Amino acid sequence: MNIMLIDDDDAVRMMLQDIIEDYNLGDVTDSLNNATELTNELLSRRHTDILIIDMLMPGIDGIQAVNRIKKDFPGKIVMLSQVESKDLVGKAYENGIDYYIMKPLNRNEIVSVLKNVSEHLRLESFAHNLQNSLLSLNPQAAPAPAPKENLRTRAENQLKELGILSAPGAQDLLNIVAYIEKCGGEISALKSLFTAVAEQNGASDPAREAKAMEQRLRRTIFQGHINVASMGVLDYTNPKFEDYAPLYFDYNDIRNTMRLLENEEKPSPSQVHINMKKFIYALYDTVQRDK
């Protein structure tokens with residue numbers, strides 16, 4: 001994988017490059033301190049597969065830069081930021097980024113995200129090449145549809161792994177995953193997403209149901225956070241903990257919760273940052289990759 005780094009902080013770019021090289025995650029083709037020169041022509045010339053870009057930079061910020069290239073860029077975009085505003089995070093996703101990573105950077109989260117992105121790109125490339133091969137063998141015949149596994153079952157299994165299949169918001173998550181699949185994988189702003197799911201399920205007052213759904217999801221994802229942190233307390237080397245902690249949650253929050261549990265303290269929702277957009281995207285992406 002060819003990776004381009006854009007961040008005005010030299011230390012961040014050096015850390016990213018070290019992680020990428022240490023874990024053989026790809027080749028860093030460019031390490032830029034601003035997005036002024038970012039164009040589709042540059043990305044194409046460098047054969048860029050993954051663009052890692054900071055949100056807030058002098059001159060052209062990350063969202064502006066992504067808007068300029070996203071339409072014609074076939075690769076994946078990972079955005080970095082210290083900003084925790086739900087509105088700004090939602091705006092970043094709406095403008096075409098594929099993953100969002102909070103600063104300060106966590107090595108395990110960077111590795112997990114880049115592995116997921118690389119696997120996603122490889123699967124897309126394989127499907128594209130396979131389709132082209134079938135068409136070249138018999139251009140007049142439409143390719144036979146591949147048998148689909150049950151997406152709901154895969155999502156249920158993932159929620160079971162996280163220990164939240166029976167939680168109040170589990171059904172909401174299953175409905176959301178099904179709706180995103182119906183929309184071709186597009187994840188809109190959360191408020192719009194929740195309202196659309198409520199309308200699809202026949203709610204008499206979709207706006208009110210969307211607010212109730214948000215609260216159920218917040219409680220459910222918080223419970224998943226506690227379950228994963230507990231898993232880490234019991235066995236820090238547990239492969240599931242290593243995968244789920246950075247994939248679904250903020251890794252620093254998980255570590256803080258682990259410390260509370262180790263001291264026999266009960267974590268409260270106010271002590272945990274719940275990133276619902278990240279959780280929903282990770283859940284959908286995971287069940288898609290499990291096909």
Side-chain angles (χ1 to χ4, degrees), residues 1-5 7 12-28 49-55 75-82 84 89 92-93 97-124 154-155 157-164 173 177 185 187 221 224-258 272-291:
M1 293 292 164
N2 291 328
I3 304 173
M4 181 181 293
L5 309 178
D7 195 303
V12 168
R13 298 200 315 277
M14 290 177 63
M15 177 184 178
L16 286 169
Q17 184 153 354
D18 287 344
I19 293 172
I20 290 166
E21 292 174 353
D22 289 347
Y23 289 85
N24 296 316
L25 298 173
D27 297 315
V28 176
D49 299 301
I50 302 171
L51 171 63
I52 303 179
I53 186 169
D54 188 29
M55 175 185 278
K76 299 297 180 183
I77 299 173
V78 178
M79 182 160 282
L80 313 174
S81 180
Q82 291 179 328
E84 296 188 20
V89 174
Y93 278 107
I97 73 159
D98 298 286
Y99 287 84
Y100 189 94
I101 298 177
M102 292 293 300
K103 293 181 178 179
L105 301 181
N106 174 271
R107 176 176 291 260
N108 287 344
E109 183 173 15
I110 294 293
V111 172
S112 176
V113 167
L114 289 183
K115 284 183 176 179
N116 285 336
V117 173
S118 297
E119 181 63 18
H120 199 163
L121 285 169
R122 278 192 285 269
L123 288 174
E124 286 182 353
R154 295 195 301 275
N157 289 338
Q158 191 64 197
L159 296 183
K160 185 176 181 181
E161 291 279 341
L162 293 166
I164 55 175
L173 287 168
V177 167
I187 301 180
I221 295 172
H225 173 100
I226 299 298
N227 294 345
V228 171
S230 301
M231 195 184 300
V233 170
L234 293 173
D235 181 6
Y236 190 76
T237 63
N238 186 323
K240 289 183 181 179
F241 171 77
E242 293 179 345
D243 288 343
Y244 296 159
L247 177 63
Y248 286 102
F249 308 102
D250 180 278
Y251 193 81
N252 290 328
D253 273 352
I254 288 285
R255 291 292 297 141
N256 290 336
T257 300
M258 288 171 63
V272 177
H273 171 65
I274 299 298
N275 188 337
M276 283 193 282
K277 189 86 172 188
K278 176 176 180 176
F279 187 93
I280 290 169
Y281 186 94
L283 177 62
Y284 177 74
D285 190 53
T286 298
V287 298
Q288 281 293 317
R289 287 187 288 106
D290 286 344
K291 280 185 177 180

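Keep in mind that what you see is a predicted model, and the values were worked out from it rather than measured.
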Any side-chain heavy atom of Met15 within less than 4.5 Å of one from Leu105? yes
Can you tell me how far apart CG (Asn106) and OG (Ser112) are? Round to the nearest 0.5 Å. 10.0 Å
Locate the shortest heavy-atom distance separating Leu25 from Ser118; write the atom from each residue and the value. O-OG, 4.2 Å
Donor-acceptor pair, side chain of Asp49 and main chain of Asn2, under 3.5 angstrom: yes
Do Tyr284 and Gln158 make a side-chain contact, defined as non-hydrogen atoms from C-beta onward lying under 4.5 Å apart? no
Min side-chain heavy-atom separation Asn252-Pro104 under 4.5 Å: yes
Which heavy atom of Thr237 sits nearest to which heavy atom of Asp235, and what is that distance? OG1-OD1, 2.7 Å
Reported CG-to-CE distance for the pair Leu5 and Met14, which is rounded to 0.5 angstrom: 12.0 Å
Is Asp253 reaching over with its side chain to a backbone N or O of Val272, donor-acceptor style, under 3.5 angstrom? no
Step-by-step side-chain contact (heavy atoms from CB on, under 4.5 Å) determination, Val117 to Leu121: CA-CA 6 Å; Val117 173; Leu121 285 169; 4.1 Å; yes
Donor-acceptor under 3.5 Å (Thr286 side chain, Ala282 main chain): yes
Measuring from Ile97:CD1 to Leu80:CG, what's the distance to the nearest 0.5 Å? 9.5 Å
Heavy atoms, side chains only, cut-off 4.5 Å: are Asp250 and Asn275 in contact? no
For Val228 and Phe249, what are the C-alpha separation, side-chain angles and deciding distance, and is it a side-chain contact (heavy atoms from CB on, under 4.5 Å)? CA-CA 9 Å; Val228 171; Phe249 308 102; 3.7 Å; yes
Can you tell me how far CD of Gln17 sits from CD1 of Ile52, rounded to the nearest 0.5 angstrom? 10.5 Å
So Met4 and Ile50, do their side chains get closer than 4.5 Å, heavy atoms only? no
Check whether any side-chain heavy atom of Met258 lies under 4.5 Å from a side-chain heavy atom of Phe241, and answer yes or no. yes
Phe279 and Lys277: CA distance, side-chain angles, deciding distance, side-chain contact (heavy atoms from CB on, under 4.5 Å) verdict: CA-CA 6 Å; Phe279 187 93; Lys277 189 86 172 188; over 6 Å; no
To the nearest 0.5 Å, tell me how far Leu51 CG sits from Lys76 NZ. 13.0 Å
Flag for Asp285-Tyr99: side-chain donor and acceptor within less than 3.5 Å: yes
Quick one: salt bridge (charged side-chain N to carboxylate O under 4.0 Å, His left out) pairs with a partner in residues 103-118, sequence neighbours left out? Asp7-Lys103, Asp22-Arg107, Asp54-Lys103, Glu109-Lys278
Apply side-chain contact (heavy atoms from CB on, under 4.5 Å) to the pair Ile53 and Ile77, showing each step before the final yes or no. CA-CA 8 Å; Ile53 186 169; Ile77 299 173; 4.1 Å; yes
Is there a side-chain contact between Ile101 and Met79 in this structure, where contact means two heavy atoms from C-beta onward sitting under 4.5 Å apart? no
Pairwise distance CD(Glu161) to OH(Tyr248) - rounded to 0.5 angstrom: 9.0 Å
